[in-house]
Amino acid sequence: MKKIKVINVVGCRPNFIKILPIMNEMNKHQEQFKQILVHTGQHYDGAMSKTLFEDIYLPQPDVYLGIGSGAHAEQTAKIMIEFEKVCIDKKPDLVLVVGDVNSTLACSLTAAKLCIPIAHVEAGLRSFDRSMPEEINRIVTDSLSSFLFTTCRDADKNLKREGISGKKIYFVGNIMIDTLIKFKAKAAANTWKKMKNIDYVLLTLHRPNNVDDKHALENILEALHEISKRMPIIFPAHPRTQKQIKVFGYEKYFRPFDLKQINFINSKNLINLTNPLPYLEFLNLMINAKFVLTDSGGVQEETTFLGISCLTIRESTERPITVAEGTNILVGTDKERIINESLKIISGRGKMGKVPKFWDGKTAKRIVNIFKKTL
Ligand code: UD1
């Protein structure tokens, strides 16, 4: 029997976490699948890429495109040019993309023009805010895909509303949760478990809307400063955010923080800033946090699964199920609202939630079963 040749695409930090369980599952059926892992190099810093591969034992990429940063068109175009060469050389039967980053879009466009079928994992999410680059990436990728794997029924509805045939849509659950379940015990046992005895807030912030605009960022930092008077904040900061803090001269809100010396005494209400953390360390911090403040997509889902309160510093979310069923509250970017909702949680009035259907660690198995039946 001829093997099905699949190119798996990764580019950014969250992609690595999503591709892992699918690759592991396909590996169990090596007689049927031949896999090629392509890393576009959209994320290239050690902390954003290399340590993540090591942390979750993701195999080294077979092909590294080394694209790096750039304006949207430039980055997307460079990935397309290089990925086209890979597709022509490797002649895959399927290109598998995950999430909604520029690498997802660029590789989908390339594959579609070469008439190679595309599988999109995490299809159908919509924020209905086209000022987010990810929303454009999601819409275009979904419109080009032959297999649309969704995390929730809302996503199925979004796709059908856009005219996508129900035959291509498969509700399989949340792939990030497969990885979280696999590594949760290991993460909980790692060095920082002593954090358990300390109440703290975990923060992530990297959306261009929040960090590229001086006033938007200052507004959020003022809210965080108020919150940190009541509870210490730990902030593993994305390189984009670290850069913007320097550009705007907002270093006064922060103090450098080393997780190995957990010491909030004399923090003087400053935000405790570290470099981006490996997956297991970040997961450990999330598991033990009093609550999480974020503008990330995946973190909204991970906190819902873990039952940890999450306040999302955005005006919209493409993951409304985390609000409808989970622990997430959309607080927007209004300073008072961020402070008030945080104080509610600090005083023990956090939101309860439940785990959505099929966020159960078996999503990769469902996906690969569908490939086995249909390809
Ligand atoms: C990308 C995704 C975003 C995702 C995030 C996850 C797009 C449009 N955005 O955003 O959806 O939530 O990844 O982390 O694809 N930089 C470095 N080192 C790196 C990577 C980035 O210094 O390894 C800095 C550079 O200054 C770069 C900036 O971050 O210009 C932005 O990087 P980019 O890959 O364009 O988007 P992200 O903000 O990382």
Side-chain angles (χ1 to χ4, degrees), residues 9-19 39-56 61 64-80 82-83 97-109 120-123 125-127 129-141 176 179 203-213 216-217 235-248 273-279 282-283 286 292 294-302 310 312-314 316-319 322:
V9 174
V10 291
C12 290
R13 201 163 50 155
N15 298 162
F16 312 142
I17 297 157
K18 292 170 193 171
I19 212 80
H39 183 355
T40 64
Q42 179 174 345
H43 281 175
Y44 47 91
D45 276 2
M48 301 294 285
S49 179
K50 188 167 170 282
T51 49
L52 260 123
F53 271 75
E54 289 162 2
D55 213 21
I56 60 174
Y64 183 69
L65 303 181
I67 300 303
S69 299
H72 284 274
E74 183 193 5
Q75 190 177 54
T76 308
K78 278 186 182 164
I79 297 171
M80 287 183 73
E82 294 308 315
F83 189 63
V97 295
V98 295
D100 55 13
V101 301
N102 284 347
S103 301
T104 312
L105 168 78
C107 294
S108 303
L109 267 172
H120 184 206
V121 179
E122 219 179 59
L125 298 180
R126 297 289 180 270
S127 65
D129 173 3
R130 290 201 181 190
S131 70
M132 284 181 77
E134 293 83 0
E135 183 77 349
I136 311 290
N137 297 346
R138 290 188 279 260
I139 293 169
V140 177
T141 302
M176 273 196 115
T179 305
L203 167 73
T204 81
L205 196 71
H206 72 281
R207 293 274 157 216
N209 285 353
N210 285 339
V211 306
D212 288 0
D213 180 273
L217 182 57
F235 180 28
H238 186 290
R240 174 198 282 277
T241 313
Q242 294 202 32
K243 193 169 83 185
Q244 293 305 94
I245 289 166
K246 286 196 192 111
V247 168
F248 299 140
L273 186 132
T274 77
N275 282 327
L277 294 171
Y279 178 68
F282 184 78
L283 188 53
M286 190 155 48
V292 176
T294 191
D295 60 2
S296 148
V299 172
Q300 296 173 54
E301 298 179 331
E302 289 166 333
C310 175
T312 297
I313 307 174
R314 284 170 45 185
S316 63
T317 177
E318 64 289 338
R319 291 162 163 93
T322 60

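Any value given below was found using the heavy atoms of this structure, including those in side chains, with hydrogens, waters and symmetry copies removed. Ligands are counted one by one from 1 in listed order, and the atoms in each one are counted from 1 as well.
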task = Taking Gln242 for its side chain and Ala237 for its backbone only, find out whether a donor-acceptor pair lies under 3.5 Å.
result = yes
query = If you take all heavy atoms of Pro276 and Arg13, which pair is closest and at what distance?
reply = CB-NH1, 3.6 Å
task = Anything under 30° is parallel, anything over 60° is perpendicular, the rest tilted; go ahead and classify Phe16 against His39.
result = perpendicular
query = For ligand 1, which atoms, with element, lie under 4.0 Å from some heavy atom of Gln75?
reply = 34 (O), 35 (O)
CE-CD distance between Met176 and Glu301, expressed to the nearest 0.5 angstrom = 7.0 Å
task = Write out the residue and atom name of the closest protein heavy atom to atom 26 (O) of ligand 1, then the distance separating them to 0.1 Å.
result = Lys243 NZ, 3.1 Å
message = Below 4.0 Å, non-hydrogen atoms only: which portion of Pro14 touches ligand 1? Side chain, backbone, both or neither.
response = side chain
ask   = Any idea which protein heavy atom is nearest atom 28 (C) of ligand 1, and the distance to it?
value = Arg240 CB, 4.1 Å
ask   = Of the protein's non-hydrogen atoms, which lies at the shortest distance from atom 9 (N) of ligand 1, and what is that distance?
value = Glu134 OE2, 3.4 Å
message = Quick test: of every protein heavy atom, which one is nearest to atom 2 (C) of ligand 1, and how far off is it to 0.1 Å?
response = Val101 CG1, 3.6 Å
inquiry  = Using modelled atom types and a 3.5 Å cut-off, is there a donor and acceptor pairing between side-chain atoms of Arg138 and backbone atoms of Leu125?
reply    = yes
note = Of Lys243, Arg207, Arg240, His206, the one forming a side-chain hydrogen bond (donor to acceptor under 3.5 Å, both in side chains) with Asp212 is Arg240
ask   = Is the backbone N or O of Pro278 less than 3.5 Å from a side-chain atom of Thr51, with the two atoms forming a donor-acceptor pair by type?
value = no
ask   = Out of Asn102, Thr204, Thr241, Thr104, who gets a non-hydrogen atom closest to atom 8 (C) of ligand 1?
value = Asn102
Shortest protein contact, atom 27 (C) of ligand 1 (heavy atom only) = Ser69 OG, 3.1 Å
inquiry  = Tell me the contacting part of His43 for ligand 1: side chain, backbone, both, or neither, using a 4.0 Å heavy-atom threshold, strictly below.
reply    = both
query = Heavy-atom distance to atom 37 (P) of ligand 1: which of Met48, His238, His206 wins?
reply = His238
query = Hey, does Val10 have a side-chain heavy atom less than 4.5 Å from the side chain of Ser103?
reply = no
message = Can you report which non-hydrogen protein atom sits closest to atom 34 (O) of ligand 1, along with the distance?
response = Gln42 NE2, 3.1 Å
request  = Under the side-chain contact (heavy atoms from CB on, under 4.5 Å) rule, what do Thr104 and Asn137 come out as? Steps first, then yes or no, please.
outcome  = CA-CA 7 Å; Thr104 312; Asn137 297 346; 5.6 Å; no
query = In terms of residue, atom name and distance, what is the protein heavy atom nearest to atom 16 (N) of ligand 1?
reply = Tyr44 OH, 3.7 Å
ask   = So which protein heavy atom does atom 22 (O) of ligand 1 come closest to, and at what separation?
value = Pro239 CB, 3.2 Å
query = What atoms of ligand 1 come closer than 4.0 angstrom to any heavy atom of His72?
reply = 8 (C)
